Amino acid sequence: QVQLVESGGGLVQAGGSLRLSCAVSGYASDTFNSVAMGWFRQTPEKEREFLATITWREGNTYYADSVAGRFIISRDSAKNTAYLEMNSLKPEDTAVYYCAARVSGIASLASRYDFWGQGTQVTVSS
């Protein structure tokens with residue numbers, strides 16, 4: 001059973017930073033090399049929005065234009081954890097943030113991901 005557990009959300013002032021974590025468990029060790037992780041966010045007013053993705057083995061990354069240059073996705077293979085470092089946060093970054101996992105390549109569509117975390121709230125005050 002694959003499980004993703006996010007942590008690190010909270011309240012931050014505009015211009016500040018947060019780092020979200022996503023602990024991954026349940027994949028067989030040989031499958032992990034084919035895994036890609038993604039980060040998304042959602043507000044009540046919008047559909048789930050793609051932010052960034054990374055391949056587990058190579059560390060190849062791809063970002064949405066809305067966060068490129070401010071957010072950084074990474075992973076720590078020893079800890080089976082993916083991260084999203086968020087800098088220069090703005091009030092419009094307020095949302096519930098989700099990590100997701102899939103096998104075989106990066107993707108920006110939420111429907112391409114097989115497993116999801118429970119979400120963590122990020123609130124940016126002005």
Side-chain angles (χ1 to χ4, degrees):
Q1 179 77 14
V2 174
Q3 288 189 316
L4 309 179
V5 179
E6 297 113 336
S7 60
L11 175 65
V12 63
Q13 288 189 331
S17 299
L18 278 177
R19 189 177 77 159
L20 306 182
S21 300
C22 176
V24 185
S25 63
Y27 278 117
S29 56
D30 55 349
T31 303
F32 242 120
N33 286 332
S34 301
V35 168
M37 301 296 300
W39 283 96
F40 294 76
R41 66 186 178 190
Q42 189 166 21
T43 66
E45 297 80 23
K46 296 183 180 179
E47 293 184 353
R48 196 160 293 192
E49 176 189 7
F50 166 76
L51 301 174
T53 182
I54 186 169
T55 59
W56 199 267
R57 182 173 63 180
E58 300 89 355
N60 295 330
T61 59
Y62 176 71
Y63 294 90
D65 290 343
S66 58
V67 301
R70 294 194 300 128
F71 291 9
I72 300 171
I73 189 171
S74 63
R75 86 277 185 256
D76 184 331
S77 299
K79 296 182 179 180
N80 285 356
T81 300
Y83 302 96
L84 184 68
E85 180 181 342
M86 306 185 294
N87 302 303
S88 301
L89 284 163
K90 307 172 184 179
E92 51 263 44
D93 293 318
T94 295
V96 177
Y97 284 69
Y98 297 90
C99 66
R102 68 186 303 269
V103 175
S104 298
I106 60 177
S108 59
L109 292 176
S111 59
R112 297 285 180 91
Y113 285 81
D114 304 311
F115 300 100
W116 292 83
Q118 80 284 1
T120 186
Q121 176 71 45
V122 171
T123 302
V124 184
S125 63
S126 57

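Every heavy atom of this structure was used, including side-chain atoms; hydrogens, water molecules and symmetry mates were not. Every value quoted in this text rests on a predicted model; they were computed, and no experiment measured them.
Between M37 and L4 there is a side-chain heavy-atom pair separated by less than 4.5 Å. Residues V103 and T31 have side chains in contact (heavy-atom distance under 4.5 Å, counting atoms from C-beta outward). With a 4.5 Å cut-off on side-chain heavy atoms, V24 and V35 do not count as touching. When side chains are defined from C-beta on, N80 does not count as touching Y27, because their heavy atoms never get closer than 4.5 Å. Using a 4.5 Å cut-off on side-chain heavy atoms (C-beta onward), R70 and Y63 make no contact. At least one side-chain heavy atom of W116 sits under 4.5 Å from a side-chain heavy atom of R48. Looking at heavy atoms from C-beta onward, L51 lies in side-chain contact with L84 at the 4.5 angstrom threshold.
Environment of CD in E47: sparse, with no more than 12 heavy atoms of neighbouring residues, nucleotides or ligands closer than 6.0 Å.
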Evaluate S77 against F32 for side chain to side chain contact (heavy atoms under 4.5 Å, CB included), listing each step before the verdict. CA-CA 9 Å; S77 299; F32 242 120; over 6 Å; no
May I have the step-by-step check of side chain to side chain contact (heavy atoms under 4.5 Å, CB included) for V67 and M86, ending in yes or no? CA-CA 9 Å; V67 301; M86 306 185 294; over 6 Å; no
Take L18 and L89, measure what side chain to side chain contact (heavy atoms under 4.5 Å, CB included) needs, and give me the verdict at the end. CA-CA 8 Å; L18 278 177; L89 284 163; 4.2 Å; yes
Test side chain to side chain contact (heavy atoms under 4.5 Å, CB included) on S66 and E49; report intermediate values, then the result. CA-CA 10 Å; S66 58; E49 176 189 7; 3.1 Å; yes
List the steps and the verdict of side-chain hydrogen bond (donor to acceptor under 3.5 Å, both in side chains) for Y113 and R102. CA-CA 5 Å; Y113 285 81; R102 68 186 303 269; 5.6 Å; no
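Both I54 and W56 are part of a single hydrophobic cluster, where members link through side-chain heavy atoms under 4.5 Å apart. Under the 4.5 Å side-chain heavy-atom criterion for Ile, Leu, Val, Met, Phe, Trp and Tyr, Y83 and V12 are members of distinct hydrophobic clusters. Grouping the Ile, Leu, Val, Met, Phe, Trp and Tyr side chains by contacts below 4.5 angstrom, directly or via other members, places F40 apart from I72. Both F115 and I73 belong to a single network of hydrophobic side chains, linked directly or stepwise wherever heavy atoms of I, L, V, M, F, W or Y lie under 4.5 Å apart.
Using bins of under 30°, 30° to 60° and over 60° for the plane-to-plane angle, the ring pair Y97/F71 lands in the tilted bin. Classified by interplanar angle (parallel below 30°, tilted 30° to 60°, perpendicular above 60°), the ring pair F50/Y62 is parallel.
Closest of all the heavy-atom pairs between S17 and N87 is OG-OD1, 3.0 Å. Scanning all heavy atoms of the two residues, the minimum distance from E58 to T55 falls at OE1-OG1, 3.1 Å. Pairing each heavy atom of S21 with each of T81, the nearest pair is CB-CG2, 4.1 Å.
For the atom pair CZ (R75) and SG (C99), the distance works out to 15.5 Å, reported to the nearest 0.5 Å. Rounded to the nearest 0.5 Å, atoms CD (Q13) and OG (S126) are 9.5 Å apart.
No option in L11, L20, V96, T94 other than L20 meets the side chain to side chain contact (heavy atoms under 4.5 Å, CB included) test with V122.
Remark: the backbone N or O of G119 is paired with a side-chain donor or acceptor of E6 at under 3.5 angstrom.
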